[in-house]
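All heavy atoms count here, side chains included; hydrogens, waters and symmetry mates do not. Order of listing sets the numbers, starting from 1, for every ligand and every atom in it.
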Amino acid sequence: MANGVTLESLRQSLIRQEDTIIFSLIERARFPSNSPTYNESYVATPTFSGSLVHSVVKETEALQAKAGRYANPEEHPFFPDNLPPSVVPPYNFTEVLHPPAASINMNKDIWDMYFKKLLQLFAAPGDDGNYASTAASDLVCLQALSRRIHYGKLVAEVKFRESPEEYEPAIRAKDRDALMKLLTFESVEEGVKKRVAKKAMVFGQEVTLNNDDNKGKYKVDPFVVSRLYGDWIIPLTKLVQVEYLLRRLD
Ligand SMILES: C=C(O[C@@H]1C=C(C(=O)O)C=C[C@H]1O)C(=O)O
């Protein structure tokens, strides 16, 4: 495969990213739900627009944009409008993707999924006042999820290059269902769901010096992690793949 990128190497990266995602969820789960972080009327100052989390994400992204974060095609901002330009010298990232890929940004869906669905599954109800740290943890989760989900672009490119003759008719017919079928590997998905549950058990256990008196207590529920993947992360990654493929012949 061109540029040394193979389906196998991309899958290995997705496996490594599981570690990042699970640790980020564990870090967020240190805090209770902390609802004022998300309440637009909580911060009453012109410095911040919207909720605290909105401002923390937006302003951090502006800083990271200056530091060159979004020059990497694997990174996608949640607030792409009016981002300041990078001030660092450009790095020559290998071009793997078909250029129209740049127009795909699913972060709006990722934002909604995270705040409306995921968070309540792993953050315990309550309020401990740590809103700034909570927002910072949310940002880390969001960025890890976004990177993983947009990796679908690379996965789709490699799948396309491996068998263009299978994909081209479905792309020309704009047949989303056929594309979804072609790019789906159910056994891989089942493996992902089982592995992330196992990782959540290993990473989220209490490590003590005297044997296993904490068995069965996890910092994030392994079943919930598996469900996050099965119900949201994998479907969104596949949606990115479909969107990418639909533009692949443009
Ligand atoms: C990412 C891939 O494409 C699909 C999505 C998967 C995922 O998001 O984990 C797994 C298998 C495929 O159904 C892949 O084939 O590895």
For ligand 1, which atoms, with element, lie under 4.0 Å from some heavy atom of T184?
13 (O)
With heavy atoms only and a cut-off of under 4.0 Å, state how V155 meets ligand 1: side chain, backbone, both or neither.
side chain
Over 12 foreign heavy atoms within 6.0 Å of NZ, K219
yes
Closest heavy-atom pair and its distance - H76, I104
CD2-O, 3.6 Å
How far is atom 4 (C) of ligand 1 from its nearest protein heavy atom, and which residue and atom is that?
Q241 NE2, 3.6 Å
Which part of L183 is near ligand 1, with near meaning a heavy atom under 4.0 Å away: side chain, backbone, both or neither?
backbone
At less than 4.0 angstrom from any non-hydrogen atom of F185, what atoms of ligand 1 do you find?
11 (C), 12 (C), 13 (O), 15 (O)
In terms of its nearest heavy atom to atom 9 (O) of ligand 1, the top option of E189, E18, M180, R148 is R148
Return a table of donor-acceptor pairs under 3.5 angstrom between the side chains of residues 80-100 and protein atoms on other chains or two or more places apart.
residue : atom : partner : partner atom : Å
S86     : OG   : V88     : N            : 3.2
H98     : NE2  : R248    : O            : 3.1
H98     : NE2  : D250    : O            : 3.0

Assess the side chains of Q241 and T237: does a donor N or O sit below 3.5 Å from an acceptor N or O?
no
With E157 as reference, evaluate R161, K153, K159 under the side-chain hydrogen bond (donor to acceptor under 3.5 Å, both in side chains) test and give the passing residue.
R161
E186 to ligand 1: N or O pair under 3.5 Å?
no
Tell me the contacting part of K159 for ligand 1: side chain, backbone, both, or neither, using a 4.0 Å heavy-atom threshold, strictly below.
side chain
The protein heavy atom nearest to atom 5 (C) of ligand 1 is K238 CG, 3.6 Å
Pair Q64-E75, side-chain donor/acceptor within less than 3.5 Å
no
Other members of the hydrophobic cluster containing L249, with the 4.5 Å side-chain heavy-atom rule, please.
F160, Y167, I171, L179, M180, L182, L183, V242, L245, L246
Those atoms of ligand 1 less than 4.0 Å from some heavy atom in V188:
10 (C), 11 (C)
Can a donor-acceptor pair be found, under 3.5 Å and without considering hydrogens, that links the side chain of S24 to the backbone of I21?
yes
With heavy atoms of R11 as the reference, note each atom of ligand 1 found under 4.0 Å away.
14 (C), 15 (O), 16 (O)
One finds that the ligand 1 atoms under 4.0 Å from a non-hydrogen atom of T237 are 8 (O)
